[in-house]
Amino acid sequence: MISPAAFARRAAPVFACIGLLAVWQIAALILKNDSFPTAIEAIRTIPDILGDKEALINILASLRRMAIGFGVALLVSIPLGLLMGRSRAVAAFFNPLLMIIYPVPKAALMPIIMLWLGVGDVTKILVIFLGVSLPVIYHSFEGAKAVEEKMLWSGAAMGLSSLQRLVRIVLPAALPEILTGCRTGLVLALITMITSEMIARQSGAGNILFNALDMGQYDTVYAMIIVIGAMGIGLDAIFERVRAMLVRWSEPQFDMPLSFS
Amino acid sequence: MKVVPSRSSEWVRPVTSQRPASTIIEIDRVSQVFQTSARKDHVALSDISLTIEEGAFVSILGPSGCGKSTLLYIVGGFVSPTSGAATMKGQAITGPGPDRGPVFQEFALFPWKTVLGNVMYGPRQQGVRAIEAEAQSRTLIEMVGLKGYENFYPKELSGGMKQRVALARTLAYHPEVLLMDEPFGALDAHTRTRLQNDLLNIWERDRKTVLFVTHSVDEAVFLSDKVVMMSKSPGRIRQVIDIDLPRPRRRNELLLDPRYQKYVVDIERMFDEVDETGSPS
Ligand SMILES: Nc1ncnc2c1ncn2[C@@H]1O[C@H](COP(=O)(O)OP(=O)(O)O)[C@@H](O)[C@H]1O
Ligand SMILES: [Mg+2]
């Protein structure tokens, strides 16, 4: 049996969603504006989009680019962040570079990247990669810095080389922090994915959204927003499951809110 | 040169007191100077020389900040001294190694490993086969009183249990010297007493060399063959006191023993002096 408190906790997001949709529905009914469909109209359009083969291919292409950008970013950023956290020289070299890149909206770099690499997949993947990298590097760096020195000494006494210590002590010890960065990175991947498709209009979920806007198909616009939002929530939920499994051993942490930036 | 009889099962190890005392660790005029943030040099250790005999339980006792940990880290090879040198069996200590096993006050367990995983870590790293490493580790876990906790993660254990795991983890790779830095310092009085008793029982079985840092006088007297009294600013050795009390030691007997009481009282007085005046220049 599930306790009332636990039930309330689990049901809360559902009620929040229903509440939001209800407010939307009422507002749309009152405003009666052509460019503001009701919630029910928007939701009715979703099966049309997901039933359309071309739209589905577009959305899957988006997800594929996102997965590649996210994956490559993790492969590069985690080792880099860990090295920066354990070596002052590496940190001193990369920190200024990252400080410069950090405040630049990655989408603002797109025009330049498009000039070099065109409007294809590579450009979009690169932008996603850039968007994901920074939080992952930052959290890996912080995680590696915080690893207790005595833990590394214990490993050294057992005969672990410095590379072994990095892979077998620093990496697992910093994993909770790294995964916090990855979770932020995942949301950023979704955001940069959509943004990149808005700028380099060719294919993808973002393209469907903006084509619909151009053609005045407002039901589709709102439906796509719901679809993209659901994708974000779904991916985040899956990631959270994986994260919780990987760091079961860790001290309990407070669930942190999604950080959009 | 073959001294050990070939049929080793008949080889009976002589009792410690009859064994010719051989030096295992030699600390030779070691000084350690730290740069403080104010760009002033801080002499943590000044001209420390000490020999430690094989199989001896030696405590380093002194007020906080007198350089006890630093000295232990130098022997562990985790820190290199500003001047002077430490040697182990005649070899200069240049870094950490499995011949010197540390046990820290902070436990420093691997939190992503279970109790068994932590204890097995060293033997596995040394190339011991998984099955053997596991069997040995289970025996050790039982020896430190944690049977049944093999699959617990460190976060699920109390401080005293964590320190038991840390001890087992270090014993598992058979270091010749145990380096213990206030291992019971973070524990409550009752747990501390129990761990002291258990450590002594374990130690009295195989008499590994132990270098034990503490700032508790009765802990030092209860456990040690030799107490090295240090004073601070700069960290110096004030006196080395041999603790001539019979073994095996039992706490309840020892507490009533006038010889034990005298050691504690004398060393406590010395401690007060050292704490008030610091090192004579
Ligand atoms: N890495 C370090 N950098 C600067 N000062 C240090 C460092 N480690 C220790 N010290 C200083 O050296 C002195 C001795 O420290 P420590 O060996 O930890 O003493 P104890 O273990 O006896 O308390 C202290 O004054 C401490 O502040
Ligand atoms: Mg200390």
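Residue numbering restarts at 1 for every chain, and letters A, B, ... go by the order of the sequence lines.
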Engineer: Are side-chain N/O atoms of A:S62 and A:E197 paired as donor and acceptor at under 3.5 Å?
Structural biologist: yes

Engineer: If you count every heavy atom of other residues, nucleotides or ligands that lies below 6.0 Å from A:F239 atom CZ, does the total exceed 12?
Structural biologist: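 Atom CZ in A:F239 is crowded, with more than 12 foreign heavy atoms closer than 6.0 Å.
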
Engineer: May I ask you to decide whether B:D99 forms a salt bridge with B:K89, counting only side-chain N to carboxylate O separations under 4.0 Å?
Structural biologist: no

Engineer: Of the listed residues (B:Y73, B:Y173, B:F107, B:F78), which shares the most heavy-atom pairs with chain A below a 4.5 Å separation?
Structural biologist: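 With the most close heavy-atom pairs to chain A, the winner is B:F78.
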
Engineer: Check this for me: does any side-chain nitrogen of one of B:K68 and B:D181 sit under 4.0 Å from a carboxylate oxygen of the other?
Structural biologist: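 No, B:K68 and B:D181 are not salt-bridged.
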
Engineer: Side chain, backbone, both or neither: which part of A:L152 has an atom under 4.5 Å from a heavy atom of chain B?
Structural biologist: neither

Engineer: Is chain B contacted by the side chain of A:Q164, its backbone, both, or neither, given a heavy-atom distance below 4.5 Å?
Structural biologist: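 Contact with chain B: side chain only.
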
Engineer: May I ask you to check whether B:F152 and B:Y149 place their ring centers less than 6.0 Å from one another?
Structural biologist: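 So the answer is yes for these two rings.
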
Engineer: Where does B:L109 contact chain A at under 4.5 Å (heavy atoms): side chain, backbone, both or neither?
Structural biologist: backbone

Engineer: Hey, which of A:S154, A:G155, A:A157 has the most heavy atom pairs under 4.5 Å with chain B?
Structural biologist: A:A157

Engineer: In terms of heavy-atom proximity below 4.5 Å to chain A, should B:Y121 be classed as side chain, backbone, both, or neither?
Structural biologist: both

Engineer: Is B:R138 salt-bridged to B:E134, going by a charged N under 4.0 Å from an acidic O?
Structural biologist: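 Yes, this pair counts.
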
Engineer: For the candidates B:P175, B:P96, B:A172, B:A108, which exhibits the highest count of non-hydrogen atom pairs separated by less than 4.5 Å from chain A?
Structural biologist: B:A108

